[in-house]
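Just below is one structure, and these are the notes that go with it.
All values below come from the heavy atoms of this structure, side chains included, with hydrogens, waters and symmetry mates left out. By convention in this document, chain letters (A, B, ...) are assigned in the order of the sequence lines, proteins followed by strands, and residues within each chain are numbered from 1.
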Amino acid sequence: MGRYELHYGGDRRNNAPAMRRDYNGGLIAFSRYFSFFSSRTCSPESSINNQFRLLCITCDTLTTTHNFSQLLRQCIDERSISGIKTIQAHMLKSGFPAEISGSKLVDASLKCGDIDYARQVFDGMSERHIVTWNSLIAYLIKYRRSKEAVEMYRLMITNNVLPDEYTLSSVFKAFSDLSLEKEAQRSHGLAVILGLEVSNVFVGSALVDMYVKFGKTREAKLVLDRVEEKDVVLITALIVGYSQKGEDTEAVKAFQSMLVEKVQPNEYTYASVLISCGNLKDIGNGKLIHGLMVKSGFESALASQTSLLTMYLRCSLVDDSLRVFKCIEYPNQVSWTSLISGLVQNGREEMALIEFRKMMRDSIKPNSFTLSSALRGCSNLAMFEEGRQIHGIVTKYGFDRDKYAGSGLIDLYGKCGCSDMARLVFDTLSEVDVISLNTMIYSYAQNGFGREALDLFERMINLGLQPNDVTVLSVLLACNNSRLVEEGCELFDSFRKDKIMLTNDHYACMVDLLGRAGRLEEAEMLTTEVINPDLVLWRTLLSACKVHKKVEMAERITRKILEIEPGDEGTLILMSNLYASTGKWNRVIEMKSKMKDMKLKKNPAMSWVEINKETHTFMAGDLFSHPNSEQILENLEELIKKSKDLGYVEDKSCVFQDMEETAKERSLHQHSEKLAIAFAVWRNVGGSIRILKNLRVCVDCHSWIKIVSRVMKREIICRDSKRFHHFRDGSCSCGDYW
DNA sequence: ATAGGGTTAG
């Protein structure tokens with residue numbers, strides 16, 4: 001209304017009241033009136049409608065084609081479907097030729113975005129020009145109404161209207177959308193018969209894109225080769241296909257031959273070929289293409305920049321990627337997401353979460369890609385509080401039932417030791433698929449809920465879903481962590497029979513299962529089945545030897561490992577610890593000097609604890625670097641005193657160095673998880689204490705933490721390098737088996 | 001009067 005009033009209220013520039021006096025005079029006033037409207041952008045619908053009504057009433061005599069076209073164009077500019085309807089009434093009243101008015105009205109309605117009205121007009125037409133058919137089909141596809149588009153296309157053929165290059169260049173997208181491969185092939189045949197496949201590059205690229213979407217890059221390439229005059233769009237469509245199907249070498253080759261044929265790449269081309277360079281970790285070509293992109297002036301195109309960013313992140317060149325991101329003027333949802341997920345993939349979780357918060361501050365909406373990446377950042381570092389806040393964001397944006405965000409949450413809660421919460425998320429998912437099931441099974445597995453994991457596995461089978469390699473690993477891990485030895489063996493046999501591809505990791509898990517159960521001979525037998533036994537497999541067997549103190553077998557395995565990997569650090573440490581636990585101190589000294597010669601340094605034992613979203617790091621034996629070390633030591637001493645009252649005795653077999661007994665005790669008291677727990681107790685924030693460790697928890701710490709959980713009446717959850725331990729009221733969820 | 005290609009995830 002405002003604009004209407006302004007208009008008649010005497011706007012100085014346009015002087016509308018004067019025009020009102022003039023327009024009885026006909027055409028001159030009409031066109032002046034139009035130029036007035038044209039100078040305005042976006043009038044409210046009600047206002048424009050009134051203006052048109054006024055116009056049409058006073059201009060009944062003005063019924064030439066030219067003027068109706070002009071009026072319709074105005075409606076299109078103003079997106080006024082009611083204006084179109086008014087004009088339609090006047091066309092009818094003035095006896096305007098129907099075969100022309102129909103086409104014009106359909107065209108205008110489509111451009112205003114009202115496909116249903118266009119269809120209504122179309123259905124009332126007796127003669128339809130092919131352009132009208134084509135426009136309708138094209139707009140239906142544009143608005144993702146592929147089904148109706150295909151129906152229109154079929155109707156067109158039954159009405160004996162032969163599709164032309166315009167029809168075909170749009171309809172193929174509808175076929176790929178609906179996976180109508182058979183019908184697509186018939187229409188491809190039609191394109192061949194009409195000679196359009198070869199002569200029209202629009203038809204050609206639509207065909208290439210369609211075959212690409214069907215996953216048939218070979219077919220797409222054959223079409224491309226037949227097209228006479230190839231252009232950017234055509235070749236880019238093929239590059240996209242290769243890139244999305246992971247045929248990255250082909251994508252780069254296609255890009256190179258494009259340059260040879262002097263076809264200029266554009267932002268779309270760069271956006272796709274760079275993804276392939278990233279997948280190939282081909283930083284050479286990646287940088288070369290980056291250069292070309294700058295030279296040809298596409299360095300500031302958002303999609304190309306995003307791909308460039310992704311490429312650098314896949315190649316682990318984090319600094320380069322940050323430089324690219326800084327150049328992006330207005331990063332959108334996708335570019336932020338690419339940055340966040342890439343940082344997580346490069347182990348830069350903290351930075352990823354900082355960027356995520358920046359994105360939120362800039363009011364860029366996250367999507368399920370963004371959220372699952374941010375969540376993965378949290379779960380990698382077991383950042384429970386941070387993760388819970390992101391759960392809040394997931395809910396706020398309505399992704400609670402989404403399988404991607406949901407799997408991220410399941411993984412988070414699983415990795416924070418809360419399989420109950422993981423299960424709650426899992427049960428609200430709108431769609432259960434292999435990946436969300438795998439994530440849930442894995443969460444149960446690492447928390448030692450073997451039965452629950454196996455129940456879910458059964459459900460997966462009952463749902464008719466095909467387990468994949470991650471499923472197999474999760475299920476075996478579940479058996480392994482819950483001491484379900486027989487179940488594990490049976491499942492493994494059935495997986496072998498089902499011809500599921502078993503990887504070294506699966507074998508390593510079984511070797512661990514058998515080995516820890518003391519069935520070392522069977523475990524060793526299993527390794528003979530593995531075609532390319534790797535370090536992990538042998539090390540697993542070796543650590544089982546260590547648990548059961550099988551020195552001879554361990555020495556045999558060690559020789560094998562050192563053949564593959566001379567001076568392997570983990571092996572030497574394991575052997576040294578085995579000698580230490582069997583009292584062979586001279587062999588320990590031998591191993592240590594060997595390590596010293598090779599300049600190997602032991603990976604320091606570390607623990608992390610998150611208090612109020614801040615992560616604190618503790619290193620074994622390091623009593624001074626934390627700013628609150630005094631309070632920590634005070635609390636630790638008191639905790640040890642209290643736990644001794646309840647029967648804690650230091651387990652000196654956990655000390656793998658030959659030293660005096662009191663020194664052994666002192667070294668045990670300085671284990672990183674003990675420091676972390678003492679710190680958490682001092683800070684005294686409520687709820688469970690969550691500790692993250694880089695190595696496995698030792699027997700001494702394990703029995704100490706059990707007692708502390710009783711003394712403090714607090715749950716302590718410890719995620720070590722392999723699994724979870726939930727300490728509650730003097731016992732641990734692992735059943736002392738880890 | 002009507003037509004074709006792109007970037008992020010478990």
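- The number of heavy-atom neighbours closer than 6.0 Å to CD of A:Glu151, taken from other residues, nucleotides and ligands shown, is above 12.
- With respect to A:Ser474, the side chain to side chain contact (heavy atoms under 4.5 Å, CB included) criterion is satisfied by exactly one of A:Ile441, A:Leu456, A:Asp469: A:Ile441.
- Judged by the 6.0 Å distance and 45° axis criteria, A:Lys104 is not positioned over the aromatic ring of A:Phe68.
- For B:dG4, its base sits under 3.5 Å from the side chain of A:Asp231 at one donor and acceptor pair at least.
- Summarising the geometry, the separation between OH on A:Tyr268 and P on B:dG4 is reported as 11 Å, rounded to the nearest angstrom.
- Taking only distance into account, the side chain of A:Ser407 meets the base of B:dG10 through a donor-acceptor pair shorter than 3.5 Å.
- Evaluation of atom-type donor-acceptor distances gives no pair under 3.5 Å for the side chain of A:Ser338 against the base of B:dT8.
- Counting non-hydrogen atoms under 4.0 angstrom, A:Leu234 reaches a base of the nucleic acid.
- Of the charged side-chain nitrogens involved, at least one lies within less than 4.0 Å of a carboxylate oxygen, so that A:Glu386 and A:Arg357 count as a salt-bridged pair.
- The A:Arg376 side chain lies nearest to B:dA9 when the options are B:dA9, B:dT8, B:dT2.
- A salt bridge is absent between A:Arg119 and A:Glu148: the closest approach of a Lys/Arg side-chain nitrogen to an acidic carboxylate oxygen does not fall below 4.0 angstrom.
- In this structure, A:Asn346 atom CG and B:dA9 atom P are separated by 12 Å, rounded to whole Å.
- Few gaps surround CD on A:Glu431; more than 12 heavy atoms of other groups in view lie less than 6.0 Å from it.
- Nucleic acid contact for A:Val334: base, since at least one base atom lies under 4.0 Å from a heavy atom of the residue.
- Residue contacts for A:Asp107: at a heavy-atom cut-off of 4.0 Å it reaches no nucleic acid atom on any strand shown.
- As rounded to whole Å, 13 Å separates atom P of B:dT8 from atom CD1 of A:Ile328.
- Among the heavy atoms of the strands lying under 4.0 Å from A:Glu267 is at least one base atom, whether or not backbone atoms are also near.
- Remark: A:Asp427 engages A:Arg423 in a salt bridge, criterion side-chain N to carboxylate O under 4.0 Å.
- The distance between atom CG of A:Leu339 and atom P of B:dA9, rounded to the nearest whole Å, is 12 Å.
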Practice item. Test A:Trp133 against A:Phe122 for ring pair (Phe, Tyr, Trp, His ring centres under 6.0 Å), laying out the working first. Key: CA-CA 9 Å; A:Trp133 285 101; A:Phe122 181 86; 4.9 Å; yes
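- Per the stacking criterion (ring centres < 5.5 Å, plane angle < 30°), A:Phe202 stacks onto the base of B:dA3.
- One atom, NE2 of A:His188, and another, P of B:dG4, lie 18 Å apart when rounded to the nearest Å.
- Note on A:Val232: a base of the nucleic acid sits closer than 4.0 angstrom, heavy atoms only.
- Checking B:dT2, B:dG4, B:dT8 against every side-chain atom of A:Ser341, the shortest atom distance belongs to B:dT8.
- A straight line from OH of A:Tyr139 to C1' of B:dA3 spans 11 Å, rounded to a whole angstrom.
- A:Ser135 comes within contact range of the sugar-phosphate backbone alone, with a heavy-atom separation under 4.0 Å but no base atom that close.
- Looking at heavy-atom distances under 4.0 Å, A:Thr439 makes no contact with the nucleic acid at all.
- Taking the side chain of A:Ile435 as heavy atoms from C-beta on, and the options B:dT7, B:dA9, B:dG10, the nearest nucleotide is B:dG10.
- Taking the side chain of A:Tyr404 as heavy atoms from C-beta on, and the options B:dA9, B:dT8, B:dT7, the nearest nucleotide is B:dA9.
- Of the candidate nucleotides B:dT7, B:dA9, B:dT2, B:dA9 has the atom lying nearest to any side-chain atom of A:Arg314.
- Of the candidates B:dT8, B:dG4, B:dT2, the closest approach to any side-chain atom of A:Ala206 belongs to B:dG4.
- Put simply, A:Phe369 rests on the base of B:dA9: the two rings are less than 5.5 Å apart at their centres and nearly parallel, under 30°.
- Using a 4.0 Å cut-off between charged nitrogen and carboxylate oxygen, A:Asp77 and A:Arg73 do not count as a salt-bridge pair.
- To the nearest angstrom, C1' of B:dT8 lies 11 Å from CG of A:Leu302.
- No engagement by A:Asp164 is indicated, since no non-hydrogen atom pair under 4.0 Å with the nucleic acid exists.
- The side chain of A:Val131 lies closest to B:dT2, out of B:dT8, B:dT2, B:dG4.
- On a pure distance criterion of 3.5 Å, no polar donor-acceptor pair joins the side chain of A:Ser169 and the base of B:dG4.
- Nowhere does DNA chain B pair in an unbroken run of 3 or more (Watson-Crick or G-U, both distances under 3.5 Å).
- Atom P of nucleotide B:dA3 and atom OH of A:Tyr153 are separated by 17 Å, given to the nearest angstrom.
- The shortest distance between the side-chain N/O atoms of A:Gln333 and the OP1/OP2 oxygens of B:dT7 is not below 4.0 Å.
- Note on A:Gln345: a side-chain N or O is less than 4.0 Å away from OP1 or OP2 of B:dA9.
- Within 6.0 Å of NZ in A:Lys147 there are 12 or fewer heavy atoms belonging to other residues, nucleotides or ligands.
- Among the heavy atoms of the strands, none lies under 4.0 Å from A:Val203.
- Residue side chain A:Asn438 does not reach the base of B:dG10 through any donor-acceptor N/O pair under 3.5 Å, judged by distance alone.
- Across all strands, A:Thr132 comes closer than 4.0 Å to no nucleic acid atom at all (heavy-atom distances).
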